Amino acid sequence: MLFNSLGFAIFLPIVFILYWFIFKSRQQQNLLLLSASYFFYGCWDWRFLFLLIFSTVLDFYTGIKMSDAKNQHAKKFWFALSIIINLSFLGFFKYYNFFAESFRDFIAHFGLTVNPFTLNIILPVGISFYTFHGLSYVIDIYHNRIEAEKKFIDYSLFVSYFPLLVAGPIERATHLLPQIKQDRTFNYSRAIDGLRQILWGLFKKIVIADQCAVFANQIFNNPTDYSGSTLVLGAVFFAFQIYGDFSGYSGIALGTSRLLGIELLRNFANPYFSRDIAEFWRRWHISLSTWFRDYLYIPLGGSKGGKWARIRNTFIIFIVSGFWHGANWTFIIWGLLNAIFIMPSIILQTNRTNLNIVAQGKILPSVKEFFAMLFTFSLTVFAWIFFRAKDVHHAIEYIANIFKKSLFKIPYFPGIGLAKPFFLFLLCFIVIEWRQREQLFGLQTFGHKWHQVLRWAFYLFLVIVIYYYAITTDPQQFIYFQF
Amino acid sequence: MLLFIKKLLIFLLFTLLLVTALQAIISFRIRGKTVNGHDNIELTSGINADLVFLGSSRCWAHFNPSFFDTAYRIKSLNIGFDGHSEIMMAIVRLSVYLSNNTPPKIAVLSFDPFMNGDIKPITSNTVHKDHFARYAFLPTKQSIHLVNYLGFNFLERYIPMYAMFKYKHTEDAILLNNINSWAIYGYERHDETWDTIAHPITDVIKKKYFIESEEKGIYKSLDSLNKLCRLYNIKLICIQTPVYKNIYDLHTFSRTEKICKSLSIPFIDANKDYLINNSDFFYNVNHLNTKGVNMLNSFLKNDSLFNSFMSASTKP
């Protein structure tokens, strides 16, 4: 069930009404949310529900065992068991074929032929996300940061809560479990805010991302047919596609959860308005970046072990992050590129220079800030080429075709004329995001000072535009579902 | 909570009203007009013709109404349905015409081996379904036959603007760029000659000829059309218009005649050597250009069967 589907438009109001009007006690509400979450997940593929439930039972049980362990040895045993099984499932479903095929290709370099056993494995949707939920939970118990959850329903809901189940944000037990365990009361302002966040998320996904996807796919699928400047435009389209797609999804997830009185972690904070790569990574997929920081970078020593340790740890975290996205060398190179881009600031220890919001309190950025943002955006777009490409060869071919004389031609691709109204929406989108960069999302305070009639007219206009694009554009799967 | 639900419902109501108003405004703007240059229900609803032409693109491109208007001093109308060679579609189109107009005296069916009897599986990509998207929302008794036949779904029928958006009709409906195309000729006129280098002569289209096992379905559909015509006292005649010689074969093209004979429907085969041997009369292998259409008209004008049929059918 997609967030931008008719099914979800029916599912959410039903859950909302049952949640606030019928199931009034916290226990009942949690049970309802858990059932709704399993139904939501089962709509994708009910067979993988068993895997989700198994993973939930495993972490719940090992969590309790760790908590009850009489000595460190037993605790370590249960901890290792949970980590190994979780990573084995993730490894099997997500990486088995990649390793088998990479091994075959590697052996072929020595003139040897092996035919490793590959399987036609379907990747269970959301496995990377719920596995990371579970891992953070058991790691936190192991390090005595939290107590093991004793109520199975509450823990299951923490893992399977439908707004975040298939594409995050990757929650922490310290943040979400306390909310699950406390009574929720309906808050009018928060619910209205949630609706606005859903509306903006749908606009990002359906209008911006799906339309950019049409152009990006067209250009990426035939890189040799277009001028260098068009290929640059194609990469920029993909940059907006992936941002609109993923931040749109996260926005809908956060908004949906707000309607149910639960706050989720913020996942995006206007990353394309970053002045350096370090700032970009503090603003892009925040829940994953902080997960890697807390559960990988810091345990590796973080930035404490001197320059070379910092460099090593940075490379590790970015390569693992790339690999987390998918079993393809393109993702690993994407991670590596980001590590290289961030390296100057790591070496010079300037990675925490831009902690504030760009041009805070001002309408426009300074010239320096503008060019810093443009430079950072260009680096990001370059790295996205690897992320989007089918394989490394495709990415290299794409980049090689950019750097030709045609780089200085006016970009052109079939259908560019029809795309004019869309460019207007894209421009409006950038302006609104810029104006709202100090807020949690694009519509949080946008138009708040307007007369109610005007504000409602604006929301109605957005709804009509979303409706139009939802019907006229082929729906695109959320990119992060594949991860 | 109640305030939240109240406001949400009011907003949804406003949205529904706005979208419905948009549908109404656009429907009003395009009322009685074509937005794509093709025939539609409304363009023909005000025209009570004596003669209507039914069939697929070969009907739509081969029968010039102005010729018949002049030659036989009658009012004729081409309601051929481009892209649809099902006889069932001809029945649907005639039914729609009859629900809006007085019955014509004569119906000419462009009948050839490309025709088929049964309903094709209708999908979103069905040819020219988009031309009729304007009628999908809350269909009237005039449009319901077509809306049913083209298989517009529940959402397209009951959610305002859904079909208009889905079939990308909105821009055309607002700008009305193609408004005059239909009115100029009343049929699909092609002045160009066949560029046999760009579009070489092939016979692949022969694969579309109906096969023997389909004859039963064709017979049944043609019988239904004949019965419908009889019900309204319409004289039905079938005309097999020319194809280029490389796809013509006597055996296949005589099967149509056999079906018509068995149903006692008059039949004329216009595949005469002087017509089918000259590529100058075609714009592709199975469609005549203006020159070819003029030749077809001359042939019909001199055809004794057609003339006697016309005079018998148009007698007061």
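So you know, we letter chains A, B, ... as the sequences are listed, proteins then strands, and number each from 1. Treat the numbers as computed from the prediction; the structure is a model and nothing was measured.
Atom CD1 of Ile192(A) is separated from atom CZ of Phe11(B) by 10.0 Å, given to the nearest 0.5 angstrom. Note that CD1 of Ile159(B) and CD1 of Ile471(A) are 7.5 Å apart. Values are rounded to the nearest 0.5 Å. The OG1 atom of Thr15(B) sits 8.5 Å away from the CH2 atom of Trp456(A) when rounded to the nearest 0.5 Å. Put simply, NZ on Lys168(B) and OG1 on Thr473(A) are 7.0 Å apart, with the number rounded to the nearest 0.5 Å. Taking CG of Leu18(B) as the reference point, atom CD1 of Ile464(A) lies at 4.5 Å (rounded to 0.5 Å).
For Ile17(A), no part lies under 4.5 angstrom from a heavy atom of chain B. There is no contact between Leu12(B) and chain A, counting heavy-atom distances below 4.5 Å. No part of Met164(B) comes within reach of chain A, as not one of its non-hydrogen atoms sits under 4.5 angstrom from that chain.
The shortest distance between side-chain heavy atoms of Ile5(B) and Phe21(A) falls below 4.5 Å. Within the 4.5 Å cutoff, the side chain of Trp20(A) has no heavy atoms near those of the Phe4(B) side chain. Side-chain contact check for Tyr468(A) versus Thr170(B): some heavy-atom pair is nearer than 4.5 Å.
A donor-acceptor pair under 3.5 Å links the side-chain atoms of Tyr467(A) to the main chain of Tyr162(B), judged by distance alone.
Around CZ of Arg29(B), the count of heavy atoms belonging to other residues, nucleotides or ligands within 6.0 Å exceeds 12. Other residues, nucleotides and ligands contribute only 12 or fewer heavy atoms inside 6.0 Å of the NE2 atom of His451(A). In this structure, Phe461(A) places its CZ atom where only 12 or fewer heavy-atom neighbours from other residues, nucleotides or ligands lie under 6.0 Å away. In the displayed structure, Leu175(B) atom CG is contacted under 6.0 Å by more than 12 heavy atoms of other residues, nucleotides or ligands. The number of heavy atoms from other shown groups lying within 6.0 Å of CZ (Phe14(B)) does not exceed 12.
For the pair Tyr188(A) and Lys7(B), the tightest heavy-atom approach, listed with the atom from each and the gap, is OH-CD, 3.1 Å.
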